Amino acid sequence: MLLHRVKCFLNNQLTIKQAKQIHAQILITSLNHLQPSLVHQFLLSTTNYSASVFVYVREILYHLQKPDAFSWGCTVRFLSRHGQFEEAFSLYVEMQKLGLYPSTHAVSSALRACARTGSKTGGISIHAQVHRYGVCNCVFVQTTLVDFYTKLGDMDTAKRVFNEMLEKNVVSWNSILSGYLKAGNLGEAQRVFDEMPKKDVISWNAILSGYAKMGNMDKTLSFFQQMPEKSFASWNTLISGYMERGEIESARRFFDMMHRRNNITWITMIGGYSKCGDGKSARELFDEMPEKDHLAFNAMISCYAQNSEPKEALKLFDDMLKSGVNIQPDGVTLASVISACSQLGELRFGSWIESYINKHGIQMDDHMATALVDLHSKCGNVDKAYKLFNGLRKRDVVAYSAMIAGCAINGKAIDAIKLFQEMVEAQIQPNLATFSGLLTAYNHAGLVEEGYRCFNLMKDNGLVPSTDHHAIMVDLLGRAGKLEEAYKLIKSMPVKPHTGVWGALLQACSVHKNVEFGEIAAKHCFELEPSTGGYYSLLANIYASVGRWQDARRMRRNMDRKKLDKIPGCSWTEST
DNA sequence: ATAGGGTTAG
């Protein structure tokens, strides 16, 4: 009866709030009729779990008649195995406070949780206790310690613990091996690899991945061919290595060669196509994929969001919600969805997303918050953007760039410049997107000299200004009436200017009633986008403003005849 | 129980 209810609960995806309501009922039943430990064990053994199970496991633990070290340890292990690292660690701490002595299982599980979350203090405090609990000579505990220190980047301590081990198994060796690889020390990793008394497929995959990440695909391939046994991970490492280097054809060749693939294989390919802008191939594979999980949806939704197809991103998100109970969006999904909403400039979707996050109890992380910074600032709500920005756990180049751009488009040029300085002081390298925002700020403030200086600063940082950067610069010069200078800047561009660049010049010519450059700019706009009517009307305005009524009429007739749209969709013509 | 391969924002 109780197990039946538990099963019902597990099969239905319930929100945490709903789970807590039912929890009270089950608890009463279980305390009266059945052993809670049975429920507890059932929950721990289940594989078909939903988010609410994690709440349950803990709550029922509290109501066990004799919560001994074994029950606690099992729960810690369960949570750690299922990615609930914070929960696992906090339960471990609680168990200690009760004076219970954790087993080697509990200690290694808790350590693993600290390694995964990067909780330095947590792991070190566990390390300090291993003697007291008499678990310091356990190979599992020691191996997890090695892994913990390698994940912290502290190879000295990792190596010390490793050398002190009386007994080492292949996992211990693999841990120290992957530590050197993570630290980028391929030489030492190769030495460890050669020295290993026993190698398994994971050792081979680790060294394979090391060479793949270095971009040395010849070496990677030769290791791959030498391997005595290959797993999915081996193939996937090879494919992702090729994708990372942009060798899409090679990646595809090996992908096609595989007799069986797992979801990681498919997602690696989809992600690779996404990064090189081939959304069409990505979608083809996505459609072919036999059992799409939420990570596959995440990869595909992000592909659309990153390749300027926000509507497709939202459509696929909708499909994801309809696809069934076992595919649920997570924070990663929402970060991409928020980005798509932002590109559409639709606050409606934005507030819908926010209520979705609250309703489903999805944890706000820095990725999501950064996407929201961008969304809110595009909708004119800089205060909200600032609040989110200030709440970030760590501010990186993406977060700074979003906030700088947010200030810039909302007329807070001084704030934008201040943020940029702050970022440089924090030793965070600015990139192309950062400078887009900064240039926009100078543009907004009409600071021509600073704009030029910024342009040169980009080059000092080894960055090549893109067409978009030129467009902003042309706009800045154009607004200041420096039309000839703007024109010269366009002529000096290494790549072909797009309508954003010529459109900015045309707009400036319209403001300053300049026929000479206006005609040139308009001509390019007509060629590049013959069906956008706004360019014809801008030139018509220029003619009209200097009294050339006949030419103005000719332009308007031109426009009518083609039944053109009225306004060009350029943000800088609308932003003021 | 401990190790390797995938998705994340400007």
Side-chain angles (χ1 to χ4, degrees), chain A residues 73-74 76-78 80-81 103-112 115 135 138-148 150-151 169-179 181-182 200-210 212-213 231-241 243 262-272 274 293-303 305-306 330-340 342-343 365-375 377-378 392 396-406 430-434 436-437:
Chain A
C74 286
V76 170
R77 198 191 79 194
F78 174 83
S80 174
R81 277 198 68 85
S103 64
T104 55
H105 290 243
V107 173
S108 53
S109 298
L111 257 173
R112 177 181 194 258
V135 295
C138 165
V139 63
F140 296 109
V141 170
Q142 287 170 316
T143 300
T144 321
L145 274 173
V146 170
D147 190 55
F148 168 75
T150 63
K151 287 208 165 69
N169 61 22
V170 66
V171 182
S172 326
W173 282 93
N174 285 343
S175 294
I176 198 87
L177 172 67
S178 69
L181 290 168
K182 192 174 173 278
D200 65 3
V201 67
I202 292 184
S203 332
W204 282 93
N205 287 343
I207 196 91
L208 198 70
S209 139
K213 287 211 171 78
S231 67
F232 278 130
S234 328
W235 288 88
N236 296 341
T237 303
L238 186 70
I239 289 175
S240 104
M243 275 302 192
N262 66 3
N263 278 5
I264 298 180
T265 322
W266 290 92
I267 293 165
T268 306
M269 288 297 295
I270 292 170
S274 168
D293 57 9
H294 76 283
L295 296 178
F297 273 94
N298 286 355
M300 197 60 226
I301 290 171
S302 143
C303 173
Q306 292 299 307
D330 61 4
V332 178
T333 326
L334 289 168
S336 292
V337 171
I338 293 164
S339 157
S342 166
Q343 289 172 48
D365 64 6
D366 281 2
H367 285 282
M368 239 163 86
T370 303
L372 283 170
V373 165
D374 176 59
L375 176 79
S377 41
K378 285 226 175 76
L392 289 173
D396 64 0
V397 60
V398 184
Y400 267 110
S401 303
M403 199 60 231
I404 288 170
N431 62 20
L432 287 174
T434 323
S436 280

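First the proteins, then the strands, lettered A, B, ... as listed; each starts at 1. Values in this document were obtained by computation on a predicted structure and should not be read as measured data.
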Exercise for the section: Not counting sequence neighbours, which residues clear side chain to side chain donor-acceptor pair (under 3.5 Å) with Ser436(A)? List them please. Expected result: His469(A)
Exercise for the section: Could you pull out all residues at least two apart from Thr268(A) that satisfy side chain to side chain donor-acceptor pair (under 3.5 Å)? Expected result: none
Handout entry: No-H, no-angle donor-acceptor pair, Thr104(A) side chain to dA1(B) base, under 3.5 Å
Key = yes
Practice task
Using the test side chain to side chain donor-acceptor pair (under 3.5 Å), find all partners of Thr104(A) that sit at least two apart in sequence or belong to another chain.
Solution key: none
Exercise for the section: Please name all residues satisfying salt bridge (Lys or Arg N to Asp or Glu O under 4.0 Å) with Lys151(A), sequence neighbours left out, ordered by chain then number. Expected result: Asp147(A)
Practice task
At under 4.0 Å between heavy atoms, which parts of nucleotides 2-8 of chain B does protein reach? Answer with one letter per nucleotide, 5' to 3': B base, S sugar-phosphate only, - none.
Solution key: BBBBBBB
Handout entry: Listed partners of Ser401(A) passing side chain to side chain donor-acceptor pair (under 3.5 Å), at least two apart
Key = Thr434(A)
